[in-house]
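Side chains are part of it too, since the values below use all heavy atoms of this structure and drop only hydrogens, waters and symmetry mates.
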Amino acid sequence: MNLKHRLNQIKYYFGRYGFFETVKKCFKRLLGIKDNPVYTDSELYKMWMINNEPNEKELQKMKQITFDKEPLISVVVPMYNTNEKYFEELVESMQNQIYKRWELCLADGSSEKNPKFEGIASRDNRIFYKFLNQNKGISGNSNEALKMANGKYITLLDHDDLLAPTSLFEFVKTINEDNEPDFMYSDEDKINDNGERYNPFFKPDYSPETLSVHNYITHQIMFKKELLDKVGMFDEGFNGAQDYDLVLRLVENSRSIIHISKILYHWRASQGSTADNADSKPYAFEAGRRAVESHIRRIGLEGKVENGQDIPGVYKITYDIVGNPKVSILIPNKDGIKYLKTCIKSILKLTTYNNYEIVIIENNSENKSTFDYYEKIKNHPKIKILEYKEKEFNYSKIINFGVENTDGDYILQLNNDTKLITPNWLELFIGYAQQKSIGAIGARLYYKDKSLQHAGIATGIAGTAGALLVNLEYGKHAYYGFEAITRNVSAVTGACLFARRSIYKEVGYMDEEKFKVAFNDVDFCLKILEKGYRIVYNPYIELYHFESKTRGYDDLDSNKKARFDKEAEEFKNKWKRVLSKPDKYYNRNFDRNKVDFSIEPEEIKY
C-alpha cells in the first residue's frame, strides 16, 4: 500500500473515530498488534476504494500509456426527459475518460427538445446528438442511438448513469491483452444525487447458468459491433428487459467473454429508478421471464420458466427431462440408523420422480439395531443394500464402490444425515445434469434450525476451500440474494452431489489415495472443471443436513487432526495452480477468510 493510500485511510479513520482512537490504532499497527474491528458494509467499501482505485498520480501515469490497438468506442445512450444535471454529469464523465478515442451517440425521444443538450453536444466533436421528435420506447430509442455508432466496439450507458474515468481505458487494455474479446463486462456500484458511491456489485466471471436465470452482468458491457450486426439490435417485444434479452443473444454468439473485476460503472439511484427500487418496473420482470424462455429455446433446451422466490428479476428453470433415466442414490452408512430412517422415509414419501433406487452402502456397522432395520427394508423395490467390507474408513473408496456396483444413468451421493424437503428434486437435478456442458449439481442444505449449511463452495477460502454463506439465517438474503439464485460454482459438497455416471469414469473417480475423508468432494469437482464442464448450485433443491453446527477442527482427536492436516496439504499441493488465482465464481475483491461475500478492504494482491 503506497503512502497516499495509507494517509487517506488514516484520514478516514480519524474522521469517524476521532484523534485518540486513531492514535491508538496507529500504535497498534506499529507494534504489530492486530485487532478485529467490525466495519459496516459502507465503511468497508470506502476503505476498498481508498486502497484499490487509482489515485491522481496513478491516473496521470495511465494517461501516458498507449496501446497497439486503439479502437473507436461508441458509447450509446437512449434519452427520454433527461434531467439536465444528470446529462451534464454524464457528458463530464465521458470527457474525463483517460482513453480519448470514443464517440457519444445520443438519441433523444423526449416529448420536447431541450436546446441545452444540443448546445452541450456541439462543444465536443465526439458527441452526436439526435432529437427523434417522438418517443420510440426504450428499445426504439436505443436502436436509434445504435444506428449512429461507428466504433469497432459498443458500450451501453443509461442517460442518468456515469462511467468511472478509467472505464474505457480498462476495456481497451483488455482488448489488447485478451486478443480482442467479443464481449466484456465490469463490476459496478450505485451512486446517489450527492455523488456518494455505495452498494458495489462484485460479480463472478462468466457464469452461463447464473446468467440464464438472472441478469447479473447488467452494467457495464462492451461488445464488437460486428457481433451486434449478427444478432440484431434491441427487441421491442422485451421492453423493460431489453438489455437482458440482448445480453443473452450476444453471449450465445460470443467466442470469448471477459469479466473485468473493477468498478467501472456507477448506476444512478434516484427516486423511482430501478437502481433504487426494483419494484418500480414490475412489467420488466415478466419481460425478463420471457427473455429467458426465448434464450433456452435458442440453445436447444425446453423447460418451464417461473419467477424465482422473492427476488425481483430472478428466475427458476425446470428443464424438461429427455427419456426416463435411472438415478442411483448412494447413501453410505455405519450404525447411523436414527438419521438413515429419517432420510429414507423422506425420500420414499416425497419423491415425485419414479425411476430411482436407494442404495445403502453398509460400512462395517456393529449394532444389532442396524441389521434389524436392514431386514425390514431389504425387500422394498426401491432399496438395495451393498456391503462394503474394507475396515478402514475411506469415503472416496466407498462412493467409488457404490458407483461401480450400481447401474443408474445418474449418481446422487447423499449423506445419511439428510432429510428431503423438495419433492421434485430428482427432476430438477436431471434437468441440469442431462446438459452435456454441466458436470455436477449441488443443492441448498440447511442445518436443523434451517440456517444455511451449503450454497456452493469457493476455492481459496482459508487457503483451501470453504462452503459459502454458512449460518445465514433462514428467510434472510445474503449478498445480492446469491443463496437463492441458481449459480455456477467451483464445487459442491459431497453430502448431496449429483452427476452423470460417465463423469466418474472420465475424471478418474474420487481420489481414494490422497483424499480418503476430507476435500474429496472439492477435488472431484475441480477435476470436473478441469475437463471443461461446469458445476451448478441449485437453490430450489432443498434438504436438511443434520451435521452439527458446532463441530469443527478443534473437535477432532489427534489422529483425525493429523489426517485432516495431511489431506489439506495434499489439496494445497495438488491444486496449487488453482489456489494461486481468485476463484472465478467468487470475486477477487472478497475477503478470503470469510464465506459471506464480505469485501476485502485492503489492497488486492492478485
Indicate every side-chain donor-acceptor pair of residues 293-301 with a distance under 3.5 Å to a residue at least two apart or in another chain.
from	atom 1	to	atom 2	distance (Å)
Glu293	OE2	Arg289	NH1	2.7
Ser294	OG	Arg290	O	3.2
His295	ND1	Glu252	OE2	2.6
Arg298	NE	Glu252	OE1	2.8
Arg298	NE	Glu252	OE2	3.2
Arg298	NH2	Glu252	OE2	2.9

- Message: Just to verify, which of Ile258, Ile260, Thr166, Ile73 counts as forming a side-chain contact (heavy atoms from CB on, under 4.5 Å) with Phe171?
- Response: Ile260

- Query: Per the side-chain contact (heavy atoms from CB on, under 4.5 Å) rule, which among Thr459, Ile461, Val489 passes with Tyr586?
  - Reply: Ile461

Name all residues meeting the ring pair (Phe, Tyr, Trp, His ring centres under 6.0 Å) criterion together with [X]; count only those two or more places apart in sequence or in a different chain, and write none if there are none.
| X | answer |
| --- | --- |
| Tyr99 | none |
| Phe169 | Phe67 |
| Tyr533 | none |
| Tyr353 | none |

Straight-line distance of [X] [atom1] to [Y] [atom2], nearest 0.5 Å:
| X | Y | atom1 | atom2 | value |
| --- | --- | --- | --- | --- |
| Glu209 | Ile438 | CD | CD1 | 4.0 Å |
| Ile154 | Asp229 | CD1 | CG | 7.5 Å |
| Leu163 | Leu90 | CG | CG | 7.0 Å |
| Thr210 | Asn488 | OG1 | CG | 4.0 Å |
| Asn538 | Lys316 | CG | NZ | 8.0 Å |
| Ile263 | Ser167 | CD1 | OG | 11.5 Å |

Does [X] pair with [Y] as a salt bridge, N-O distance under 4.0 Å?
| X | Y | result |
| --- | --- | --- |
| Lys262 | Glu170 | yes |
| Lys594 | Glu600 | no |
| Glu144 | Lys136 | yes |

What is the minimum heavy-atom distance between [X] and [Y], and which atoms define it?
| X | Y | answer |
| --- | --- | --- |
| Pro601 | Asn52 | O-ND2, 3.8 Å |
| Leu146 | Met233 | CB-SD, 3.7 Å |
| Asn471 | Tyr447 | OD1-CE1, 3.4 Å |
| Cys525 | Leu497 | SG-CD1, 4.0 Å |

Flag, side chain of [X] to backbone of [Y], donor-acceptor distance under 3.5 Å:
| X | Y | value |
| --- | --- | --- |
| His214 | Gly313 | yes |
| Asp523 | Phe519 | no |
| Arg249 | Gly232 | yes |
| Asn192 | Asn194 | yes |
| Arg444 | Tyr537 | no |
| Glu286 | Pro282 | no |
| Gln453 | Glu547 | no |
| Ser256 | Ser254 | no |
| Tyr216 | Ser207 | yes |
| Asn96 | Pro165 | no |

- Item | Of Lys203, Arg268, Arg197, the residue whose pairing with Asp189 passes salt bridge (charged side-chain N to carboxylate O under 4.0 Å, His left out) | Arg197

- Message: Would His159 and Thr82 count as a side-chain hydrogen bond (donor to acceptor under 3.5 Å, both in side chains) here? Give the steps.
- Response: CA-CA 7 Å; His159 70 161; Thr82 304; 2.6 Å; yes

Taking atom types as modelled and ignoring hydrogens, do the side chains of [X] and [Y] form a donor-acceptor contact shorter than 3.5 angstrom?
| X | Y | answer |
| --- | --- | --- |
| Tyr86 | Asp193 | yes |
| Gln220 | Thr155 | yes |
| Asp158 | Trp267 | no |
| Ser261 | Asn587 | yes |
| Tyr265 | Tyr185 | no |

- Item | Tyr410/Phe429 aromatic ring centres below 6.0 Å | no

Does [atom1] belonging to [X] count more than 12 external heavy atoms closer than 6.0 Å?
| X | atom1 | answer |
| --- | --- | --- |
| Lys576 | NZ | no |
| Lys476 | NZ | no |
| Lys230 | NZ | no |

- Residues Ile411, Phe498; criterion side-chain contact (heavy atoms from CB on, under 4.5 Å); working and verdict: CA-CA 6 Å; Ile411 300 295; Phe498 194 94; over 6 Å; no

- List the steps and the verdict of side-chain contact (heavy atoms from CB on, under 4.5 Å) for Phe223 and Asp182. CA-CA 5 Å; Phe223 49 88; Asp182 289 340; over 6 Å; no

- Note on the structure: Result for ring pair (Phe, Tyr, Trp, His ring centres under 6.0 Å) between Phe597 and one of Phe202, Phe201, Phe590 points to Phe590

- Could you check Thr486 against Tyr432 for side-chain contact (heavy atoms from CB on, under 4.5 Å), going step by step and ending with a plain yes or no? CA-CA 11 Å; Thr486 304; Tyr432 276 93; 3.6 Å; yes

- Report yes if the side chains of Glu506 and Ile528 come closer than 4.5 Å at any heavy-atom pair, otherwise no. no

- Side-chain contact test, heavy atoms from C-beta onward, threshold under 4.5 Å: evaluate it for Val522 versus Thr464 and give yes or no. no

- Decide yes or no on side-chain contact (heavy atoms from CB on, under 4.5 Å) for Asp596 and Leu472, but give the supporting numbers first. CA-CA 8 Å; Asp596 60 355; Leu472 178 69; over 6 Å; no

- Query: Can you name the side chain to side chain donor-acceptor pair (under 3.5 Å) partners of Asp41, sequence neighbours left out?
  - Reply: none

- Using the ring of each side chain (for Trp, its six-membered ring), is Tyr446 parallel, tilted or perpendicular to Tyr474, with breaks at 30° and 60°? perpendicular

- Message: Check the orientation of Trp48 and Tyr45. Use parallel for under 30°, tilted for 30 to 60°, and perpendicular for over 60°.
- Response: parallel

